[in-house]
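All residue numbers in this chain count up from 1 along the given sequence. Counting starts at 1 for both ligands and their atoms, in listed order.
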Amino acid sequence: MELFERLTKRAAENRRSIVLPEGTETRNLQAADRILFENLADIILIGNPDEIKTRASELGLCNIDKARIVDPADKDVIDKYAPLFFELRKKKGVSMEDARRFTSNELYLGCLMVKAGDADGMVSGAIHTTGDVLRAAFQVIKTRPGIDTVSGAFLMLLPPDSPFGEDGIMVFADCAVVPDPDARQLAQIAVCAAETAHNVAGIHPRVAILSFSTKGSASHERVDKVIEATKLAHEMAPDLELDGELQTDAAIVPVVAAQKAPQSHVAGHANVLVFPSLEVGNIAYKLVQRLAGVEAVGPLLQGLAAPVSDLSRGCVATDIYKTIIMTANQAIED
Ligand code: ACO
């Protein structure tokens with residue numbers, strides 16, 4: 001079964017609620033309408049109710065009346081969620097007045113609804129920047145136990161005849177969040193990427209932490225970082241099939257692996273590639289996407305206590321529809 005077919009079926013069977021803070025925006029409304037028509041998730045739209053209804057009617061969307069609409073200007077809404085924001089941020093010097101102001105911001109309100117358990121996940125970023133979406137999620141939803149660094153993975157959907165990956169999928173991380181991870185953060189990125197591969201892509205993760213060196217072929221402090229990250233990741237997840245430091249060819253090409261890393265069980269067969277910095281990860285996923293015509297799905301934020309997905313501002317309604325399905329899947333516990 002194709003990845004999206006499987007994820008769509010799983011979303012429908014485990015109906016989760018997803019909050020869309022950009023609830024008055026056309027592409028969000030079109031995506032929400034399709035999700036509701038296909039009964040794949042409950043949808044909460046944040047925005048002025050009249051504006052949402054008028055826009056939906058102008059767009060000829062017939063299913064938006066099945067969504068719950070939450071008005072960020074509604075005093076009752078602010079009264080309900082501002083105390084939670086205050087509790088979460090008072091140590092940072094936030095006053096109750098500040099908390100009420102933050103709560104009336106749709107991104108923070110969406111995150112607060114997730115934090116309060118009134119929504120299972122959030123999708124945003126069609127009009128807000130990545131930084132704005134991430135900052136709200138970091139401050140309110142925070143990280144899950146054992147993790148203090150959120151990162152972003154892409155599912156790379158390979159051509160059907162590709163010898164790489166598993167079931168036509170590879171996972172790349174971090175391609176979206178942490179500019180210059182230290183060894184400890186890199187280890188967390190690797191462990192979280194393995195979870196993304198298992199929980200969302202449905203593949204058995206074999207993780208390579210990449211470098212310009214394979215098993216000591218080069219010496220440099222950046223190589224040392226990857227060696228240390230590999231050690232820490234092993235300590236965090238002893239049962240995980242993971243290895244480093246590996247060059248990309250040693251990680252994914254069996255004949256090169258046999259030469260460069262003959263002792264490694266991962267080399268030659270890696271399906272989760274962990275990049276040593278955001279520069280490499282972001283550039284690599286875009287190169288593979290554009291030069292090889294590979295569909296890149298994501299970024300899937302990993303390490304948060306509840307799922308939040310950041311959209312590209314250039315996205316179309318179908319991208320938001322797919323992201324809602326992915327986010328709903330991230331909210332399903334196995
Ligand atoms: N994981 C968890 N928490 C984090 C992380 C992280 N990776 N980064 C920052 N935080 C927390 C901080 O601890 C802090 O929490 P606190 O307020 O409770 O103390 C809060 O978030 C804000 O931290 P800042 O250091 O002020 O973070 P800042 O807002 O400067 O930057 C950001 C965070 C926006 C994510 C930054 O790391 C960034 O810009 N990353 C790159 C994002 C990007 O542009 N990606 C490329 C485009 S996406 C794409 O192409 C797919």
Flag: protein heavy atom within less than 4.0 Å of [atom]:
atom                    : result
atom 27 (O) of ligand 1 : no
atom 14 (C) of ligand 1 : no
atom 32 (C) of ligand 1 : no
atom 24 (P) of ligand 1 : no
atom 8 (N) of ligand 1  : yes
atom 21 (O) of ligand 1 : yes

Can we say [X] and [Y] salt-bridge, meaning some charged N sits less than 4.0 Å from an Asp/Glu carboxylate O?
X      : Y      : result
Arg100 : Glu97  : no
Glu235 : Lys231 : yes
Arg206 : Glu166 : yes

So do the side chains of [X] and [Y] get within less than 4.5 Å of each other, counting heavy atoms only?
X      : Y      : value
Met122 : Met113 : no
Arg89  : Asp98  : no
Gln330 : Leu304 : no
Val294 : Pro159 : yes

For ligand 1, which atoms, with element, lie under 4.0 Å from some heavy atom of [X]?
X      : value
Thr149 : 1 (N), 7 (N)
Gly131 : 34 (C)
Ala176 : 41 (C), 42 (C), 43 (C), 45 (N), 46 (C)
Phe154 : 51 (C)

Contact check: [X] vs ligand 1, nitrogen or oxygen atoms, below 3.5 angstrom:
X      : answer
Val150 : yes
Cys175 : no
Asn282 : yes
Thr143 : no
Phe138 : no

*Going through the checks in order, is the side chain to side chain contact (heavy atoms under 4.5 Å, CB included) test met by Leu134 and Val177?*
CA-CA 8 Å; Leu134 294 184; Val177 185; 4.0 Å; yes
*Which residue owns the protein heavy atom closest to atom 19 (O) of ligand 1, what's the atom, and how far is it?*
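Here the closest protein heavy atom is Lys92 NZ, 2.8 Å.
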*So which protein heavy atom does atom 30 (O) of ligand 1 come closest to, and at what separation?*
Arg135 NE, 4.6 Å
*Out of Val177, Thr130, Asp180, whose heavy atom is nearest to atom 38 (C) of ligand 1?*
Val177
*Out of Lys142, Arg89, Gln139, whose heavy atom is nearest to atom 16 (P) of ligand 1?*
Arg89
*ligand 1-proximal atoms of Leu134, by part, heavy-atom distance under 4.0 Å*: side chain
_Is the contact between Asp148 and ligand 1 made by the side chain, the backbone, both, or neither, using heavy atoms and a 4.0 Å cut-off?_
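It is the backbone that gets close, since no side chain atom is under 4.0 Å.
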*When Val114 is tested against each of Val140, Val19, Asp120, Val308 for side-chain contact (heavy atoms from CB on, under 4.5 Å), which residue passes?*
Val19
_Parallel, tilted or perpendicular: which one describes the rings of Tyr108 and Phe102, with boundaries at 30° and 60°?_
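The rings of Tyr108 and Phe102 stand perpendicular, inter-plane angle above 60°.
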*Excluding sequence neighbours, so at least two apart, what forms ring-ring contact (aromatic ring centres under 6.0 Å, His included) with Phe172?*
Phe275
*What pairs of residues pass the salt bridge (charged side-chain N to carboxylate O under 4.0 Å, His left out) test when at least one of them lies in residues 181-205, not counting sequence neighbours?*
Arg144-Glu195, Asp148-Arg184
*Check Gln302 against Cys192 and note the closest heavy-atom contact, atom names and distance.*
OE1-O, 3.3 Å
